[in-house]
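Read the structure below first, then the notes.
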Amino acid sequence: TGVDVIKFHATGGVLDPGAMGLEQHFSDEEMKAIVDTAHSLGLKTAAHAHGARGILAAVRAGVDSIEHGTFIDDTGVREMKAHGTYYSATLMAFSGIKGLLGTGKLTPAMEDKTRMTIDAWGKGLNLAYRNGVKIALGTDSAVAPHKDAGQELALMVTKGGMTPRDALIAATKGGPDLMNLSAQTGTLDIGKYADLIAVQGDPLVDPAAVQHVDYVMVEGHSIPM
């Protein structure tokens, strides 16, 4: 009850202790079974995926979004565009794991995986963006606190090569489109929730402006700051 999304590990993770690295974990058949079952229940599916083969398998299985997509290649990008799969780069998560290097909190294998992913920081997003893949902002909340989501937008520009305008669209409209909520929110249109913020500065010029919020409205109601 209350479940909207099924997320699965199509590949290994940077912070998991497993020995399989960052490539495909589930078989192609298993991924398709997960996605088909979730969709039959009216649920969206998201795949944690770093390695290119795992990304490709998840996309071909029909997953709705790829989370991280670190080492995506040209084939994966073409398949994502063909399937209409959303890309959520979660660039803030890379900031979070970078801060753990050399602290003794990571195993040697985790340290190696961290360095690999940091070297590719933003490259997958840039490749997907340049080739017209749908983008939605995500933070990998827990590794990077969801309350700091505004920082993701600037990284999408500086690391991912997006224009500030397109990053804003991904941050406001991308998520609702992905989650089938675009009839309710994501843009300011008659009949939709009045969800908006007022910020200092112009985010079309400086994407970091969204981190300086002066006013918040949720469903037409002002929220005390």
Side-chain angles (χ1 to χ4, degrees), residues 1-16 18-94 113 117 120 123-144 146 149 152 156 160 169-171 173-186:
T1 302
V3 173
D4 298 306
V5 180
I6 299 297
K7 182 180 179 182
F8 63 95
H9 273 226
T11 75
V14 175
L15 297 180
D16 72 54
M20 293 180 68
L22 297 173
E23 257 310 338
Q24 185 171 346
H25 275 200
F26 288 104
S27 69
D28 294 357
E29 293 78 14
E30 287 171 326
M31 289 195 207
K32 192 172 189 310
I34 292 169
V35 173
D36 287 351
T37 301
H39 285 171
S40 73
L41 297 171
L43 304 176
K44 290 283 186 172
T45 54
H48 157 107
H50 287 291
R53 293 195 312 276
I55 294 169
L56 182 61
V59 172
R60 287 178 171 169
V63 76
D64 297 293
S65 68
I66 294 292
E67 314 300 311
H68 316 311
T70 311
F71 301 105
I72 192 168
D73 58 14
D74 291 334
T75 302
V77 164
R78 285 195 300 270
E79 288 289 308
M80 287 190 73
K81 186 171 182 180
H83 283 77
T85 315
Y86 274 79
Y87 187 110
S88 177
T90 70
L91 298 178
M92 285 182 64
F94 295 79
K113 290 186 287 186
T117 53
K123 293 179 181 178
L125 173 58
N126 184 253
L127 181 62
Y129 171 63
R130 286 189 287 107
N131 285 278
V133 172
K134 296 177 181 180
I135 309 293
L137 183 148
T139 61
D140 202 27
S141 184
V143 176
H146 189 63
E152 179 76 12
M156 292 167 81
I169 292 171
K173 187 174 183 291
D177 285 352
L178 166 61
M179 297 305 297
N180 290 342
L181 295 173
S182 56
Q184 299 167 288
T185 189

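Note that the coordinates shown come from a computational prediction; the quantities given were computed from them, not determined experimentally.
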* **Listed once per pair and sorted, the salt bridge (charged side-chain N to carboxylate O under 4.0 Å, His left out) pairs that draw on residues 69-83, sequence neighbours left out** => Arg60-Glu79

* Asked: Roughly how far, to the nearest 0.5 Å, is the CD atom of Glu30 from the CD1 atom of Ile34?
  -> 7.0 Å

* Decide whether His39 and Asp64 meet the rule of one side-chain donor and one side-chain acceptor closer than 3.5 Å. => yes

* Using the test salt bridge (charged side-chain N to carboxylate O under 4.0 Å, His left out), find all partners of Asp36 that sit at least two apart in sequence or belong to another chain. => Lys32

* Asked: So, the side chain of Glu152 versus the backbone of Ala149: is there a donor-acceptor pair under 3.5 Å, distance only?
  -> no

* Over all heavy atoms of both residues, which pair between Phe71 and Ala120 is shortest? Give the atoms and the distance, please. => CE2-CB, 3.7 Å

* Structure fact -> Rounded to the nearest 0.5 Å, the CG atom of Asp4 sits from the NZ atom of Lys44 at a distance of 11.0 Å

* **Closest contact, heavy atoms only, Ser88 versus Leu137** => OG-C, 4.1 Å

* Asked: So which heavy atom on Ala46 is nearest to which on Glu67, and how close?
  -> CB-OE2, 3.7 Å

* Structure fact -> In this structure, NE2 of His68 is separated from CG of Leu91 (nearest 0.5 Å) by 11.0 Å

* To do: Give the C-alpha distance, both sets of side-chain angles, the deciding distance and a yes or no for side-chain contact (heavy atoms from CB on, under 4.5 Å) between Met31 and Val63.
  => CA-CA 8 Å; Met31 289 195 207; Val63 76; over 6 Å; no

* Is the side chain of Glu23 donor-acceptor paired with the backbone N or O of Ala52 at a distance under 3.5 Å, no angle test? -> yes

* Asked: Nearest heavy-atom pair of Ala58 and Ala47: which atoms, and what distance?
  -> CB-CB, 3.9 Å

* Structure fact -> Between Ile55 and the options Thr70, Ile72, Val77, Thr75, the side-chain contact (heavy atoms from CB on, under 4.5 Å) test singles out Ile72

* Asked: Can you find a heavy atom in the side chain of Phe94 that is under 4.5 Å from one in the side chain of Val14?
  -> no

* **Side-chain donor/acceptor of Lys113 to backbone N/O of Asp16, under 3.5 Å** => yes

* To do: Determine the interplanar angle of the His48 and His9 rings, folded into 0 to 90°, and report it as parallel if under 30°, tilted if 30 to 60°, perpendicular if over 60°.
  => parallel

* Asked: Does Thr11 reach the main-chain N or O of His50 with its side chain, forming a donor-acceptor pair under 3.5 Å?
  -> yes

* Are the side chains of Ile66 and Met80 in touch, meaning some heavy atoms are under 4.5 Å apart? -> yes

* Quick one: are Val35 and Phe8 in side-chain contact, heavy atoms under 4.5 Å? -> yes

* Hey, does the side chain of Tyr87 reach the backbone of Val133 with a donor-acceptor pair shorter than 3.5 angstrom? -> no

* Asked: If you look at every heavy atom in Leu22 and Gly12, which pair is closest and at what distance?
  -> CD2-O, 3.6 Å

* side-chain contact (heavy atoms from CB on, under 4.5 Å) evaluation trace for Arg130 with Asn126 -> CA-CA 6 Å; Arg130 286 189 287 107; Asn126 184 253; 2.7 Å; yes

* State the CG-CD1 distance between Leu178 and Ile135, to the nearest 0.5 angstrom. => 11.0 Å

* Asked: So, for Ala49 and Ala10, which heavy atoms are closest and what is the spacing to 0.1 Å?
  -> CB-CB, 4.2 Å

* Inter-residue atom distance Lys134.NZ - Lys173.NZ, 0.5 Å rounding -> 8.5 Å

